Amino acid sequence: MKLCMIGTGYVGLVSGTCFADFGNTVYCVDRDTYKIKKLNSGGSVIFEPGLDEIIKKNFKAKRLLFTTNLKKAVQKSDIIFICVGTPNKKKSDQVDLKYVFSAVKEIIKASKSKKILITKSTVPVGTGDKIEKIIKKFRKKNIEVISNPEFLREGEAIRDFRFPDRIVVGSNNSKYFKVLKKLYQPLINKGAKFFTTSRRSAELIKYASNAFLATKITFINELANLCEKSNINIEDISLGMGSDSRIGSRFLRAGPAYGGSCFPKDTKGLAFTGKNFGVNLSIVKSVIRSNNDRKMLHTQNIKKILRTIKNKKIAFLGVTFKPNTDDMRDSVSLNMIPYLARRGAKVTYYDPTGSKENFAKIKNCEFVDSINDNCMNADLVILHTEWDEFKSLEFKKIIKKKKFSIYDLRNLYNLEEMKRKNIRYFSVGRPNHF
Ligand code: UDX
């Protein structure tokens, strides 16, 4: 098949590359000439394990093409995926669809023959209907609008694409399910569930899934607070609860607060959709509030650990919202580091994906390019992101200071082991004695 991906962010680039790997011809389109130039010269534009190799292979085979010429790419393709960003509007929870609608208009103008137009970007309920209205306004009849949301996690996007739990396709015209089934047949053959529904349902399934996962995390995070006060280990609770197949063990790991490009945006987007339809989605709203409050809880704990923050050397290990990505969006470190630096701490950080623009202008905050140099002489080391390289550190050897503390926001270390080593160790939802 001949496909066109509009937008070469995580969704467009990963999906386009994986579709090309099945033997399809895929045109990846972006307005960003620098990005397209880089992709055409074999450079990488996003940090996603395993992606660059598959790009190279399919680029060499001339199945994967990168271009800024939307018109040509659309004209050569049968199926066009919209994969542009859908951020929240400034100072509002409303989803900004300007990139989607602008892409739609360009696609309409470019297309001369029958096309299938698919929204892969996360779009609110009713967006497909709005796109259809725009198509009608341009008096085009041969463009069919379908919803096919993505469920890719950053850092595991290739695996998630190749082994999805389900493929959701929403269309008001069932004859198009056949075409999509053919496209996804290699995944269906490996056991992926192909689920067809109405277009609006498919749009809502994406929001509902992300909001539910965010709710699960927030639930366990609040229970972690209770565990800290009641001398219980949250890990036993996650295990005990998660073993019930009705609940499931995934996304029950207590941590700093959920972040990233999707959960914060999509929970807000869903609450806003509820408001639009006059429905109070109180659980989702309370999840958003609880997650926001949680970000400042850790700084309160740091005060309890250090007593005074001023002039204390605080070393962060990892600053991205999760491992195997360089993405800083809605990472808890964005709240913690400025707060601590403002209160006079000397903050240093190390992250395997390098220094971050987000902290460039902060006084008292410095990137240090090695775990050991970053942690040396620290009063407090904060394990912020669960990169593998942080999981077996000899803290006494690398910190070299007599008195220091560890605050582990990801519960990477064993409580007994830390006790045996006589390390002042604090973690999340475990007996801590802050
Ligand atoms: C998410 C969804 O999982 C994916 O299906 C969707 O399409 C995009 O959004 P992503 O944001 O890449 O993916 O990361 P994910 O692994 O889901 O983690 C999101 C946040 O939740 C991170 O901050 C992570 O640290 C946190 N998390 C996750 C927990 O705190 N505990 C958990 O048990 C799982």
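Numbering of ligands and ligand atoms starts at 1, following listing order. Everything numeric here is computed off the predicted structure, so don't read it as measured data. The residues of the chain are indexed from 1 along the displayed sequence.
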Requested in this report: Could you grab the distance from atom OG of Ser405 to atom CD1 of Ile423, nearest 0.5 Å is fine?
Outcome: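 Spacing of OG (Ser405) from CD1 (Ile423) equals 10.5 Å.
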Report task. Give the residue and atom name of whichever protein heavy atom lies nearest to atom 28 (C) of ligand 1, and the separation in Å to one decimal. Result ->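 Answer, as residue, atom name and distance: Ile217 CD1, 3.5 Å.
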Query raised in the report: Which of parallel (below 30°), tilted (30 to 60°) and perpendicular (above 60°) describes Phe19 and Phe161?
Result: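 Rings of Phe19 and Phe161: perpendicular, as their planes differ by over 60°.
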Query - Protein heavy atom at shortest distance from atom 4 (C) of ligand 1 - result: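 Ranked first by proximity to atom 4 (C) of ligand 1 is Leu152 O, 3.5 Å.
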Query raised in the report: Taking distance alone, with no angle check, do Glu154 and ligand 1 share an N/O pair under 3.5 Å?
Result: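 For ligand 1, there is an N or O atom that lies under 3.5 Å from one belonging to Glu154.
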Query - Proximity winner for atom 32 (C) of ligand 1, if only heavy atoms of Arg153, Arg253, Glu156 are counted - result: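 It is Arg253 whose heavy atom sits nearest to atom 32 (C) of ligand 1.
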Report task. Among all protein heavy atoms, pick the one closest to atom 34 (C) of ligand 1 and tell me residue, atom and distance. Result ->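 Sorting protein heavy atoms by distance from atom 34 (C) of ligand 1 puts Phe251 CD2, 3.4 Å first.
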Requested in this report: Would you kindly say whether Lys268 and Asn88 are connected by a side-chain donor-acceptor distance under 3.5 Å?
Outcome: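 No - no donor-acceptor pair under 3.5 Å links their side chains.
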Requested in this report: Determine whether the side chains of Asn411 and Glu235 contain a donor N or O and an acceptor N or O closer than 3.5 Å.
Outcome: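 Side chains of Asn411 and Glu235: pair found under 3.5 Å.
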Query raised in the report: Can you tell me the protein heavy atom closest to atom 23 (O) of ligand 1 and the distance?
Result: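 Answer, as residue, atom name and distance: Gly259 N, 2.9 Å.
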Requested in this report: Can you pull out the closest protein heavy atom to atom 16 (O) of ligand 1? Residue, atom name and distance to 0.1 Å, please.
Outcome: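 The closest heavy atom on the protein side is Lys322 NZ, 2.9 Å.
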Query raised in the report: What do you reckon, does Phe151 have a nitrogen or oxygen under 3.5 Å from a nitrogen or oxygen of ligand 1?
Result: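 N/O-N/O distance below 3.5 Å exists for this pair.
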**Report entry** Ser261 N/O under 3.5 Å from ligand 1 N/O
**Finding:**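 By distance alone, the answer is no.
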Requested in this report: Number the atoms of ligand 1 from 1 as they appear, then name those within less than 4.0 Å of a heavy atom of Cys262, with their elements.
Outcome: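 In order of number, 8 (C), 9 (O).
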Query raised in the report: Do Asn233 and Arg430 have side-chain atoms, one donor and one acceptor, less than 3.5 Å apart?
Result: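 Judged by distance alone, the side chains do not pair up.
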Query - Sub-3.5 Å N/O-N/O distance, Arg410 and ligand 1 - result: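 Yes; the residue has a nitrogen or oxygen that sits under 3.5 Å from a nitrogen or oxygen of the ligand.
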Query raised in the report: If you measure from the Lys or Arg side-chain nitrogens to the Asp or Glu carboxylate oxygens, is any gap between Glu417 and Lys421 under 4.0 Å?
Result: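 Salt bridge flag = yes for Lys421 with Glu417.
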Requested in this report: Kindly indicate whether the side chain of Asn364, heavy atoms from C-beta on, has any atom under 4.5 Å from the side chain of Val347.
Outcome: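 Contact flag for Asn364/Val347 side chains = no.
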Query - Pairing of Arg424 and Asp379 as salt bridge, 4.0 angstrom limit - result: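 Judged by the 4.0 Å cut-off on N to carboxylate O distance, Arg424 and Asp379 do not form a salt bridge.
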